[in-house]
Amino acid sequence: MPKSVIIPPGTAAPIAPFVPGTLADGVVYVSGTLPFDKENNVVHIGDAAAQTRHVLETIKNVIETAGGTLEDVTFNSIFLTDWRDYAAINQVYADYFAGDKPARFCIQCGLVKPDALVEIASVAHIGQREA
């Protein structure tokens with residue numbers, strides 16, 4: 001099965017050996033996305049809602065680069081560092097997924113940078129469009 005690497009224009013070099021997204025057989029797999037700026041520094045320190053918005057905009061950019069939209073998202077994996085941020089994350093999340101919601105899970109864990117409060121990975125089924 002052929003695959004295409006999805007790297008939106010202006011994307012920073014990753015801090016580990018991965019790409020922002022991969023398109024294979026009409027499915028976009030978006031890597032775990034943290035609230036990083038172009039230099040891989042955490043943005044909006046201490047603000048879970050703003051970090052979630054930043055992460056979802058980054059995910060949206062990857063999916064759109066592949067030819068899809070957030071409406072194509074079928075599954076999200078959400079990682080947060082503190083359950084006290086759950087409501088703030090959900091409030092922003094609901095803005096991005098206003099209609100039928102994707103399936104998802106959410107777990108509390110440590111993230112690769114201590115100031116990051118949320119990380120999200122996504123799967124989107126966009127059909128047989130070309131990246």
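Sequence positions, counted from 1, serve as the residue numbers for this chain.
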Under 3.5 Å, which donor-acceptor pairs link side chains of residues 104-116 to any protein atom two or more places apart or in another chain?
unit_1: Arg104; atom_1: NH1; unit_2: Asn90; atom_2: OD1; d: 3.0
unit_1: Arg104; atom_1: NH2; unit_2: Tyr86; atom_2: OH; d: 3.3
unit_1: Arg104; atom_1: NH2; unit_2: Asn90; atom_2: OD1; d: 2.7
unit_1: Gln108; atom_1: OE1; unit_2: Trp83; atom_2: NE1; d: 2.8
unit_1: Gln108; atom_1: NE2; unit_2: Thr81; atom_2: O; d: 3.4
unit_1: Lys113; atom_1: NZ; unit_2: Asn40; atom_2: O; d: 2.6

Shortest non-hydrogen contact between [X] and [Y], atoms and distance:
X: Ser77; Y: Phe75; value: OG-CE2, 3.5 Å
X: Gly21; Y: Val62; value: CA-CG1, 4.0 Å
X: Ala12; Y: Asp37; value: CB-O, 4.3 Å
X: Gln51; Y: Val42; value: NE2-CG1, 3.6 Å
X: Ala66; Y: Val28; value: CB-CG2, 3.6 Å
X: Ile126; Y: Gly67; value: CD1-C, 4.3 Å

Is the side chain of [X] donor-acceptor paired with the backbone N or O of [Y] at a distance under 3.5 Å, no angle test?
X: His54; Y: Phe36; value: yes
X: Asp47; Y: Ala49; value: yes
X: Thr74; Y: Ala124; value: no
X: Asp72; Y: Thr69; value: yes
X: Lys3; Y: Thr22; value: no
X: Thr33; Y: Ser31; value: yes

Any link between [X] and [Y] through a network of hydrophobic side chains (Ile, Leu, Val, Met, Phe, Trp, Tyr) touching at under 4.5 Å?
X: Val92; Y: Leu117; result: no
X: Val43; Y: Leu56; result: no
X: Ile45; Y: Ile15; result: yes

Can you tell me how far the [atom1] atom of [X] sits from the [atom2] atom of [Y], to the nearest 0.5 Å?
X: Phe79; Y: Leu34; atom1: CZ; atom2: CG; answer: 10.0 Å
X: Thr52; Y: Leu80; atom1: OG1; atom2: CG; answer: 8.5 Å
X: Ile59; Y: Leu70; atom1: CD1; atom2: CG; answer: 8.0 Å

With sequence neighbours excluded, give me every salt bridge (Lys or Arg N to Asp or Glu O under 4.0 Å) pair touching residues 76-102.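 Residue pairs with at least one partner in residues 76-102: Asp82-Arg84.
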Residue pairs involving residues 53-63 (criterion salt bridge (Lys or Arg N to Asp or Glu O under 4.0 Å); sequence neighbours excluded):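 Pairs touching residues 53-63 that pass the test: none.
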Checking side chain to side chain contact (heavy atoms under 4.5 Å, CB included) for the pair Val123/Val27: CA distance, chi angles, key distance, verdict? CA-CA 7 Å; Val123 177; Val27 180; 3.6 Å; yes
Do [X] and [Y] come within less than 4.5 Å of each other through their side chains, counting heavy atoms only?
X: Pro20; Y: Tyr29; result: no
X: Ile6; Y: Val19; result: no
X: Ile7; Y: Val5; result: yes

The test is side chain to side chain contact (heavy atoms under 4.5 Å, CB included); show your working for Val73 and Tyr96 and say whether it passes. CA-CA 11 Å; Val73 174; Tyr96 281 82; over 6 Å; no
